[in-house]
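Report on one structure; see the data block that follows.
A, B, ... follow the sequence lines: proteins, then strands. Residue 1 opens every chain.
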Amino acid sequence: MKSTTIRKQFIDYFQQELNHEFVPSAPVIPQNDPTLLFINAGMNQFKSYFLGESEPKFKRAVNSQKCIRVSGKHNDLEEVGKDNYHHTFFEMLGNWSFGDYYKPEAIEWAWKLLTEIYGIDKNRLYATVYKNDDESYDLWKKISGLPKNRILRYGEKDNFWDMGAIGPCGPCSEIHYYRGDDVKNQDPTKVNADDPNYIELWNLVFIQYNRDKNNKLTPLPKKHVDTGAGLERLAATLNNKLSNYETDLFSPIIDKIADISKVKYNKNKSGIPHRVIADHLRMLAFSIGDGAFPSNEGRGYVLRRVLRRAARFGIKLNVHEPFIYKLVPTLIDTIGEAFPEIINRQKHIQQVIKSEEKSFGLTLDKGLEIFEDIANKVKKNNNKIIQGADVFKLYDTFGFPVDLTNMLAEEKQLKINMNSFNNLMKKQKEMARSKSKFGTVKTLTLEETLEMTEKIESKKTQNSKFIGYNNFTSESNLLKQIQLDKDFYLVFDQTPFYPESGGQAGDKGEIIISGKKYFIIDTQKRNDDILHKIKSKLKISQNINPVKLIVDKENRLGSARNHTATHLLQAALREVLGDHVHQSGSFVSSKYLRFDFTHYEKIKEKDLDKILNLVNQKIIKNIPVEPKTEKYKNAIQNGVIALFGEKYSDNVRSIKVGDFSYELCGGTHVKYTGEIGPFIIKSESGVASGIRRIEAITGKRSIDSLLKYNKILTELSYIMDSPISKIASKVENVFKHRRTLKKTINRLRKKLIGYSVDEYIKSPIKINGHNLYLNIVEVNSIDELKNIGDKVREKLKSSVAIFGTVLNSTPQVLCIVTDDLVKEGINAGKIVGMIGKKLGGGGGGRPHMAIAGGKKPELLEKIISSIKEDNNIKKLL
RNA sequence: GGGGAAUUAGCUCAGUUGGGAGAGCAUCUCGAUGGCAUCGAGGGGGUCAACGGUUCGAGCCCGUUAUUCUCCA
């Protein structure tokens with residue numbers, strides 16, 4: 001059975017027969033949850049329903065959620081590929097009840113789907129329930145007819161589910177499958193015992209309690225069902241495969257890897273590289289497709305590590321060139337039908353992977369060089385062992401994989417000290433752990449935040465309504481007040497304040513409570529609550545409703561100008577550069593706009609001019625900006641630009657600017673493009689490979705900036721005595737002229753010095769059998785002083801010359817020694833060292849030329865002239 | 001969040017007791033050989049990432065910041 005069929009049957013069963021809403025998979029990159037690196041379970045996108053923070057729009061749902069797990073107890077990245085079932089990326093099939101059906105239906109439907117639709121042999125199935133969940137136990141007995149020894153009870157570890165230390169939780173019931181050969185002699189004690197023949201297929205979670213901080217369980221008013229079945233494992237089971245990698249989700253990819261590397265796939269240990277690469281490819285393609293990007297921190301760093309691990313296994317297959325990106329089309333063949341987003345972004349995904357593979361190549365090259373140095377040193381000292389510290393540094397600082405170091409060492413008949421390496425590694429881990437305990441400010445989890453929420457009115461599920469598209473003020477009622485760390489937030493039933501989202505900064509403004517004015521300095525969104533951040537500390541303990549909310553209009557209009565301008569910019573970019581331009585980050589405030597987008601090279605000046613022109617043309621045409629609420633499907637059909645990786649609901653808001661721009665957007669905009677004012681690009685730069693950034697200003701800011709430049713230009717034109725249009729070429733000429741003048745002066749001064757040099761070497765003093773010249777000279781710079789020294793050295797033999805000068809009221813002394821005397825051991829550096837000390841400073845340099853400086857210019861002449869009497873210095877001459 | 005590194009000409013990089021900013025490639029000019037280009041001579045190109053400190057003097061030492069690389073959590 002094809003995996004596509006399995007997925008489809010699952011969804012169809014719940015959607016068509018059982019009236020579930022099909023909810024498309026959320027992007028693997030969490031949208032509003034900074035604590036989560038990747039979506040790692042089907043329930044992530046429904047979390048707020050279980051927490052009671054928002055109201056679901058439907059009571060039953062079915063989905064196949066893309067999940068990524070790269071860390072955690074049960075999924076160490078380094079383990080993936082060694083066995084047949086660990087993955088970094090997998091799909092979780094699930095059906096959901098939000099306060100609707102419960103255990104009887106969930107159990108019955110799961111059983112029917114598995115046995116009747118998928119046709120799994122009942123004699124291979126087991127059900128597990130929580131130790132005191134008699135209700136589920138009885139249901140299983142009744143519905144499945146399974147004998148007693150196939151319905152098993154387990155404790156907290158296996159059959160109780162929670163989201164965290166506090167919050168919603170409940171018992172769960174799992175369905176396990178025996179896939180061994182001896183159906184008649186099964187052993188129920190091997191369920192939940194890590195036996196590869198007894199595997200978990202499906203987990204049904206029954207959420208019925210809320211656990212508070214005292215560990216007390218109180219029944220929830222509404223009970224929920226949350227189930228999860230891994231598609232990969234289901235596909236393996238239904239096709240009688242022992243390994244997920246032998247299903248049609250993986251085998252085409254593995255074949256392609258074998259094809260590229262010319263290394264056949266092997267089911268046993270030697271097939272690890274194929275499995276790793278196939279698994280990691282899926283993770284990379286989906287996370288990049290959903291908007292992640294390899295980088296050196298946070299989520300991006302996880303991507304980078306996964307990619308490098310795949311590349312490293314590529315090297316094991318003797319592939320030394322970028323190749324992972326070549327597998328993307330094959331991946332799309334296996335799974336693109338279910339997740340068309342990777343088809344739409346194929347080019348982007350491939351380009352990102354390829355460039356990252358290349359950059360890993362550079363890291364390896366660099367590491368190789370350093371390894372050669374280290375190896376040479378070891379060999380030079382007749383050693384056979386590379387120190388652990390060196391191996392560690394290679395790995396820690398330069399990212400050179402240890403297994404490669406080992407391989408290279410062996411080629412050179414060297415060994416590496418793994419013990420010492422492991423110790424250093426251990427130390428680094430300990431340090432990171434101990435430091436992070438003290439170093440971090442505690443961030444509150446969602447559940448803790450919930451605990452801290454004081455509810456003025458009991459209607460917990462009532463959320464704030466945004467009414468600010470056309471209003472700047474409102475009369476509102478306070479719903480909640482929230483304190484997070486040191487910040488205070490208020491939530492109202494309705495508000496004209498726009499909360500930060502879609503890259504637009506949150507509104508600022510005022511709030512009037514019982515005649516007293518408070519400032520709101522930011523507005524944020526959490527789930528369906530709009531949080532107004534209040535400047536001062538404020539605790540409200542009595543009913544103060546209604547209150548008056550007033551948005552800072554100028555600030556809002558500034559944001560609106562920049563927001564509409566951003567839409568025009570994106571449309572212009574696509575028109576000038578091409579359709580590959582996708583938004584990959586955007587920030588809009590009253591001050592400026594910042595737009596990040598996919599593009600693979602620096603934008604040419606010519607194109608930038610075109611873009612500027614196009615946007616400003618659209619502005620002066622004063623086109624009406626039309627917001628509209630419409631069906632998502634219709635909007636998409638009409639060619640709306642949607643954000644990639646963003647999840648939209650059925651009814652969406654779109655913004656249309658004539659026939660030029662049409663985007664999904666919840667932000668605030670101007671009514672006519674003319675309000676935007678001049679659009680000026682402040683900078684165009686690269687953010688990461690494949691991503692460019694444009695920063696621009698509009699409205700009052702751009703007008704101010706234009707006026708300012710104009711003023712400066714007018715001034716310049718006056719000073720330069722030249723029309724504005726000619727200033728540039730005139731300045732260029734002046735600089736050119738200045739350069740030639742400078743050169744001429746330098747040449748002349750050098751010549752002059754050449755003449756004056758003879759002055760300085762007229763009267764030698766005989767000392768220790770050679771000549772000493774002492775002089776006070778006049779120069780403009782240290783360079784000139786050194787020039788004199790050069791000239792003198794060229795002319796003299798067996799001489800030492802010491803020249804003093806005062807530059808910017810600091811005394812400087814130059815000493816030169818001719819080559820023959822340098823050979824005799826006379827050292828200019830030592831000589832000036834002593835003179836420098838006398839001047840209240842110091843000195844040094846090279847044996848043939850050195851400089852000293854000090855703080856006492858008035859002593860200079862005396863010191864220079866007294867050198868011939870100074871016995872300490874004479875010793876050096 | 002913590003550690004280790006890097007940042008010098010358009011590119012790749014060198015530059016140690018702190019005392020003249022360099023090489024190769026690229027570019028421009030001139031010349032020779034002579035034709036899938038090679039060689040020679042010369043030139044242009046640098047706020048040595050930014051800021052602060054120490055010092056008579058900082059590319060170099062110290063501190064802060066930024067960016068990038070890298071490992072750990």
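- Between the side chains of A:R309 and A:H280, at least one donor-acceptor pair of N or O atoms lies under 3.5 Å.
- Between B:C13, B:G1, B:G3, one nucleotide has an atom nearer to the side chain of A:Q428 than all others, and that is B:G3.
- Spacing of C1' atoms, B:A66 relative to B:U27, comes out at 31 Å, to the nearest Å.
- Comparing B:U29 with B:U54, their C1' atoms are spaced 46 Å from each other, to the whole Å.
- A heavy atom lying under 4.0 Å from RNA chain B marks the following residues of residues 397-411 of chain A, by number: A:T397, A:F398, A:G399.
- Separation of the C1' atoms belonging to B:G18 and B:C62 is 13 Å when rounded to the nearest angstrom.
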Solution key, residues 828-838 of chain A side-chain donor-acceptor pairs under 3.5 Å, sequence neighbours excluded:
{"from": "A:K838", "atom 1": "NZ", "to": "A:D870", "atom 2": "OD2", "distance (Å)": "2.2"}

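- Nucleotides B:G52 and B:A58 have their P atoms positioned 13 Å apart, rounded to a whole Å.
- Using a 4.5 Å cut-off on side-chain heavy atoms (C-beta onward), A:L860 and A:L839 make contact.
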* Trace of the ring pair (Phe, Tyr, Trp, His ring centres under 6.0 Å) decision for A:F89 with A:F286 -> CA-CA 8 Å; A:F89 173 90; A:F286 277 101; 4.4 Å; yes
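- Each of B:C69, B:G1, B:A21 was ranked by its minimum atom distance to the side chain of A:T363; first place goes to B:C69.
- Residues A:L281 and A:I324 come closest through the heavy atom pair CD1-O, 3.8 Å.
- Qualifying side chain to side chain donor-acceptor pair (under 3.5 Å) partners for A:Y325, counting only residues two or more places apart in sequence or in other chains: none.
- The strand RNA chain B forms stems, runs of 3 or more Watson-Crick or G-U wobble pairs with distances below 3.5 Å, at B:1-7 with B:66-72, B:10-13 with B:22-25, B:27-32 with B:38-43, B:49-53 with B:61-65.
- Separating the C1' atom of B:A21 from that of B:U16 is a span of 15 Å, rounded to the nearest Å.
- Taking atom C1' on both B:G46 and B:A50, the two are 16 Å apart, rounded to the nearest angstrom.
- Counting heavy atoms of neighbouring residues, nucleotides and ligands inside a 6.0 Å radius, atom CD of A:E869 exceeds 12 of them.
- A:S781 and A:D783 share no donor-acceptor pair across their side chains, judged by distance under 3.5 Å alone.
- Between the side chains of A:D396 and A:Q428, at least one donor-acceptor pair of N or O atoms lies under 3.5 Å.
- Partners of A:Y760 under the ring pair (Phe, Tyr, Trp, His ring centres under 6.0 Å) rule, at least two apart in sequence or in another chain, are A:F803.
- Of the C1' atoms belonging to B:A49 and B:U68, the separation is 11 Å, rounded to the nearest Å.
- For the P atoms, the distance from B:U7 to B:C61 is 11 Å, rounded to whole Å.
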Can you pull every protein N or O that's under 3.5 Å from an N or O on nucleotides 56-62 of chain B?
{"from": "B:C56", "atom 1": "OP1", "to": "A:K855", "atom 2": "NZ", "distance (Å)": "3.4"}
{"from": "B:C56", "atom 1": "OP2", "to": "A:K855", "atom 2": "NZ", "distance (Å)": "3.4"}
{"from": "B:C56", "atom 1": "N1", "to": "A:G853", "atom 2": "O", "distance (Å)": "3.4"}
{"from": "B:C56", "atom 1": "O2", "to": "A:G853", "atom 2": "N", "distance (Å)": "3.1"}
{"from": "B:C56", "atom 1": "N3", "to": "A:G842", "atom 2": "O", "distance (Å)": "2.9"}
{"from": "B:C56", "atom 1": "N4", "to": "A:G842", "atom 2": "N", "distance (Å)": "3.4"}
{"from": "B:C56", "atom 1": "N4", "to": "A:G842", "atom 2": "O", "distance (Å)": "3.2"}
{"from": "B:C56", "atom 1": "N4", "to": "A:G843", "atom 2": "N", "distance (Å)": "3.2"}

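- Among B:A21, B:C13, B:C69, the nucleotide with an atom closest to any side-chain atom of A:R304 is B:C69.
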